[in-house]
Amino acid sequence: MRFFFITSILFAFLLNCGSRFEKISPFSIPPQEFDLGNGIKAVFLPTELSFITSKGRILEFSLKDSFLSSAKGEQIVNYRKATFKIKDKILLECGSQTIESLGLESGALLIKGKLSGKNCETGYTIRFVSSSNAGLDWKVEIANPELNRTFIKFKSDESESIYGLGEQFSHLNLKGKKPFLFSEEQGVGRGDQPITLGAELLEGAGGNEYSTYTPIPFFLTSRNRAFFFENSSYSVFDFEEDSEISIEFRERGLNVKSWKAASPKEILKLYTSHTGRFPNLPDWAYGTWLGIQGGKSVVLEKIEEAKLAGNPISALWIQDWVGQRKTVFGSQLWWRWFPDENRYPDFKNFVKELNQNGIQVLGYINPMLATEGPLFEEAVKNNYLVKDKEGKDYIVQTAGFPAGLLDLTNPKTRIWIKNIIKQNLIGNGLSGWMADFGEWLPTDALLFSKESAEIYHNRYPVEWARLNREAIQEAGKEGQIVFFTRAGYSYSNKYSTSFWAGDQMVSWGRHDGIVSSLIGILSGGMSGLSLNHSDIGGYTTIPSPIKDYFRSKELFLRWAELNVFSPIFRTHEGNRPAKNHQPYSDPDTIKEFARYGQIHLALKEYFKFLNKEASESGLPLLRPLYLSYPEDMNTRDLQNQFLLGEDLLVIPVLEKGEDSVKGYLPKGEWEHVWTGKTFQGGVWTEVEAPLGSPAIFLKKKGSWYEKLKSALSGFKKN
């Protein structure tokens, strides 16, 4: 019986995962060429439809079998604390394709035909339009309104490397991978063991190598082409086959922008000119942001301690400005979005006095409300929360307590929460905040706008960011206030003022520790998230009978050393502060952390230059080597080292107990900062990197070489 059950499940799985692309019917259309304008042409042959720009081929469809299909499906969703287990049940499938006509219409190439399958039939049209000499826009329309799945595939090759898809925390080069895109809690462990297994067994929240807060349906390739899908449903990008790329969206039709350029940098410029770019950080943002909790006397004591050690503290981040509660998960906040006057008496004046001493104060907010207090009562009374299938307020279980989720499709909700931000955060003098969450919308929720929550889910964090930005603008504080988000999707780079990489484990983990934070920032940078950083030391702290995950001194200092080279240098105590090594844990750490803060501040002018460049071009501050050296095959898979701009290369120590590191130097001459030794590029090298002396190199003929050398020379350890 057990064997029969397993066999049945396997058969059903294989049946459901069969090819979405079946046969393409013979067609009598002769080979021909079409001029789409702007130097772009389409070439139709019996075996292929290709699109060619002045810079080369941008897109090719094989006509040996179908390249488009559609289906009717139904998602089966298991939702637990913003971890989603989603299976798709296909009810009808149109996998066979005909092409009935193909020709120019008002300057666009229009393809018309039919898709069919068992009990399934629909017409379709695909319209291709040249938007510029580098751009091809294409739109797929499926006629049958019953169908809610769209599948498309086009040609690739074995040597084509693929980057992007938002923050991918496990892989930079996605060739050979099959990521899904859905904004959710990234999960605990994401494949690192034994914690992933434990989190999955206890909470169903282990995550996997593709779970992410910020998926973005944009990718660029080593063929210097890129594709951006203006769709928002759950999607799957299949790069496993050498010869093809296959893409699925769980909605009807596709709207695609594609580009072809001379380099990956040019691709990012084109993409971000369409989707938006981050603003410049205010001048105060380049000092140390000290993340502390505990009330007025505690934070003032820690600030003074850090300043006496020479740490250039420019911001105090107190997420517990709203108060703090204890839960089974550790230290959590009161989600009620007004000051806790017991912890911080005369809060507004407290903030003002710190400002007068050159320290900005940052707080915390998210789009949920704990189910107690006056704001929750007001939200319930005025129907500001999303509803469940029965029309009642949708109360979700967070990490320790229940909460309601704001309905951002309701214009009145938006006005209300923006007023709270303007009055309780900005009005009390805060210079910024963590705009947390955004990925928690259940897919079966009912929205004020009547939109499908399945389709709106990925857009929710973008709207949360836009709302925060609008509040700042309406308060007349644009350019003065910084909020940082972790969840996002398409156009997040237009609305967020900065990002952070979310809640990594306080570990050395490959998939959910210090390593993953760097990969997430680099992949996000290849997706338009140019201004990003991580919690110094990670966040998620878990006691376990098998293995405790507490932050060690070594991990904290290595993570701080890494984040010296990110634009925002910010600590986080984690969810169990008492179990984690902190920037104030001992005199040696206080002293060393102050030195790191000084190094970060010494790079201020370089950061400002790169931030301005990012705001004008969309190029990320932290860059994978591939972005700057795409012709060098050795850079294709490098994800554990990076360039800060063009002139500073960092090979961080990301493994416990190591005091040397091996990395790759691209072409040119590179000077090791601490020894002054010059290395010829194009080679792998290993250098000593004891704590406090990270492996950093300057590009000797770079425009910032002299300034960077001068800025860093005083920090050499004896």
Side-chain angles (χ1 to χ4, degrees), residues 183 213-214 216 230 232 272-282 285 319 321-322 335-338 360-369 375 378-379 382-386 404-441 447-449 451 456-500 528-532 568 611 614-615 618:
S183 177
Y213 306 103
T214 303
I216 298 174
E230 301 264 17
S232 64
T272 57
S273 71
H274 174 69
T275 57
R277 293 164 179 159
F278 286 84
N280 288 305
L281 291 170
Q319 58 175 348
W321 76 286
V322 293
W335 293 359
R336 48 191 184 186
W337 320 138
F338 55 82
Q360 308 303 308
V361 182
L362 293 87
Y364 173 98
I365 191 172
N366 68 51
M368 293 191 270
L369 291 161
L375 293 183
E378 187 177 352
N382 292 290
N383 286 311
Y384 292 154
L385 304 177
V386 300
L405 184 65
L406 294 173
D407 188 342
L408 301 186
T409 72
N410 184 341
K412 291 182 178 179
T413 303
R414 297 178 72 96
I415 292 170
W416 179 72
I417 192 63
K418 278 195 289 185
N419 283 335
I420 289 171
I421 291 172
K422 287 184 282 187
Q423 292 166 16
N424 293 355
L425 283 79
I426 300 173
N428 277 303
L430 294 183
S431 297
W433 51 84
M434 176 185 278
D436 204 1
F437 292 99
E439 60 283 280
W440 279 63
L441 179 68
L447 302 173
F448 175 87
S449 66
E451 295 174 75
Y456 188 77
H457 172 91
N458 280 334
R459 300 208 309 268
Y460 189 100
V462 185
E463 288 302 313
W464 173 232
R466 179 158 77 166
L467 187 151
N468 280 264
R469 188 72 171 272
E470 288 172 354
I472 292 169
Q473 292 167 340
E474 291 168 13
K477 297 288 187 177
E478 178 81 351
Q480 301 173 49
I481 289 176
V482 178
F483 68 91
F484 44 110
T485 49
R486 74 172 188 183
Y489 194 69
S490 304
Y491 298 99
S492 284
N493 39 307
K494 182 177 182 178
Y495 301 116
S496 294
T497 61
S498 63
F499 255 74
W500 103 98
L529 304 181
S530 60
L531 198 60
N532 206 342
I568 294 173
N611 192 179
S615 70

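Along the sequence shown, residues are numbered consecutively beginning with 1.
- For the atom pair CG of Leu447 and CG of Asn410, the computed distance is 10.0 Å after rounding to the nearest 0.5 Å.
- For Thr485, the side chain to side chain contact (heavy atoms under 4.5 Å, CB included) partners are Ala435, Ala465, Phe483, Ser496, Phe499, not counting sequence neighbours.
- Checked against ring-ring contact (aromatic ring centres under 6.0 Å, His included), Phe437 has the following partners two or more places apart in sequence or in another chain: Trp335, Trp440.
- The minimum heavy-atom distance between Ala487 and Ser183, with the atom names listed, is CB-OG, 4.1 Å.
- Taking both residues in full, the closest heavy atoms of Leu405 and Met368 are given as CD1-CG, 3.3 Å, listed atom of the first, atom of the second, then distance.
- Remark: side-chain polar atoms of Ser449 are not paired, donor with acceptor, to backbone N or O of Thr409 under 3.5 angstrom.
- With Asn383 contributing its side chain and Ala379 its backbone, the two residues share no donor-acceptor pair below 3.5 Å.
- Take Glu478 and apply the salt bridge (Lys or Arg N to Asp or Glu O under 4.0 Å) test, not counting sequence neighbours, and it matches Arg469.
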(message) What verdict does the side-chain contact (heavy atoms from CB on, under 4.5 Å) test give for Tyr460 and Leu406, after you've listed the backbone C-alpha separation in whole Å, the side-chain angles of each residue and the deciding distance to 0.1 Å?
(response) CA-CA 10 Å; Tyr460 189 100; Leu406 294 173; 4.0 Å; yes

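- Aromatic rings from Tyr364 and Trp433 are positioned such that their centres are separated by 6.0 Å or more.
- Annotation: side-chain hydrogen bond (donor to acceptor under 3.5 Å, both in side chains) contacts of Asn458 (sequence neighbours excluded): none.
- Note that CZ of Phe338 and CG of Leu375 are 6.0 Å apart. Values are rounded to the nearest 0.5 Å.
- For the atom pair Met434 CE and Ile365 CD1, the distance stands at 13.0 Å (nearest 0.5 Å).
- Between Gly276 and Asn493 the shortest heavy-atom distance is O-ND2, 2.6 Å.
- Shown here are the salt bridge (Lys or Arg N to Asp or Glu O under 4.0 Å) partners of Asp436, two or more places apart in sequence or in another chain: Arg486.
- Not counting sequence neighbours, Glu378 has no partner by the salt bridge (Lys or Arg N to Asp or Glu O under 4.0 Å) test.
- A donor-acceptor pair shorter than 3.5 Å cannot be found between the side chains of Tyr489 and Glu463.
- In this structure, the side chains of Trp464 and Glu439 stay at 4.5 Å or more apart for every pair of heavy atoms.
- A donor-acceptor pair under 3.5 Å is absent between the side-chain atoms of Asn382 and the main chain of Tyr384, judged by distance alone.
- Taking Tyr456 as the reference, nothing meets the side-chain hydrogen bond (donor to acceptor under 3.5 Å, both in side chains) condition, with sequence neighbours excluded.
- Checked by atom type and distance alone, the side chain of Asp407 pairs as donor or acceptor with a backbone atom of Phe448 at under 3.5 Å.
- Residues Thr272 and Gly528 come closest through the heavy atom pair CG2-CA, 4.0 Å.
- Between Glu474 atom CD and Ile415 atom CD1 the span is 8.5 Å, to the nearest 0.5 Å.
- Partners of Gln423 under the side-chain hydrogen bond (donor to acceptor under 3.5 Å, both in side chains) rule, at least two apart in sequence or in another chain, do not exist in this structure.
- Looking at residues two or more places apart in sequence or on another chain, you find a side chain to side chain contact (heavy atoms under 4.5 Å, CB included) between Lys477 and Ile426, Ile472, Ala475, Gln480, Ile481.
- Between Thr497 and Leu531, the shortest heavy-atom distance links the atoms O-CD2, 3.3 Å.
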(request) Could you walk me through whether Leu467 and Lys418 pass the side-chain contact (heavy atoms from CB on, under 4.5 Å) test, one step at a time? (result) CA-CA 7 Å; Leu467 187 151; Lys418 278 195 289 185; 3.6 Å; yes

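- Going from atom CG of Asn468 over to atom CD of Gln473 covers 11.0 Å, rounded to the nearest 0.5 Å.
- With sequence neighbours left out, Arg459 forms a side-chain hydrogen bond (donor to acceptor under 3.5 Å, both in side chains) with Ser232, Glu451.
- Contacts of Lys494 classified as salt bridge (Lys or Arg N to Asp or Glu O under 4.0 Å), with partners at least two apart in sequence or in another chain: none.
- The two residues Ile421 and Ala471 come nearest to each other via the heavy atoms CG2-CB, 3.8 Å.
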(message) Could you go through Ile216 and Leu529, starting from their C-alpha distance and side-chain angles, then the distance that decides it, and tell me whether this counts as side-chain contact (heavy atoms from CB on, under 4.5 Å)?
(response) CA-CA 10 Å; Ile216 298 174; Leu529 304 181; 4.2 Å; yes

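- Side chains of Ser431 and Gln360: a donor-acceptor N/O pair is present below 3.5 angstrom, by distance only.
- The side chain to side chain contact (heavy atoms under 4.5 Å, CB included) check on Ser273 picks up Arg277, with sequence neighbours excluded.
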(message) Under the criterion side-chain contact (heavy atoms from CB on, under 4.5 Å), I'd like the reasoning laid out for Arg414 against Leu408: C-alpha separation, chi angles, the key distance, then a yes or no.
(response) CA-CA 6 Å; Arg414 297 178 72 96; Leu408 301 186; 4.1 Å; yes

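- Atom-to-atom distance recorded for Tyr495:OH and Thr275:OG1 is 10.5 Å, nearest 0.5 angstrom.
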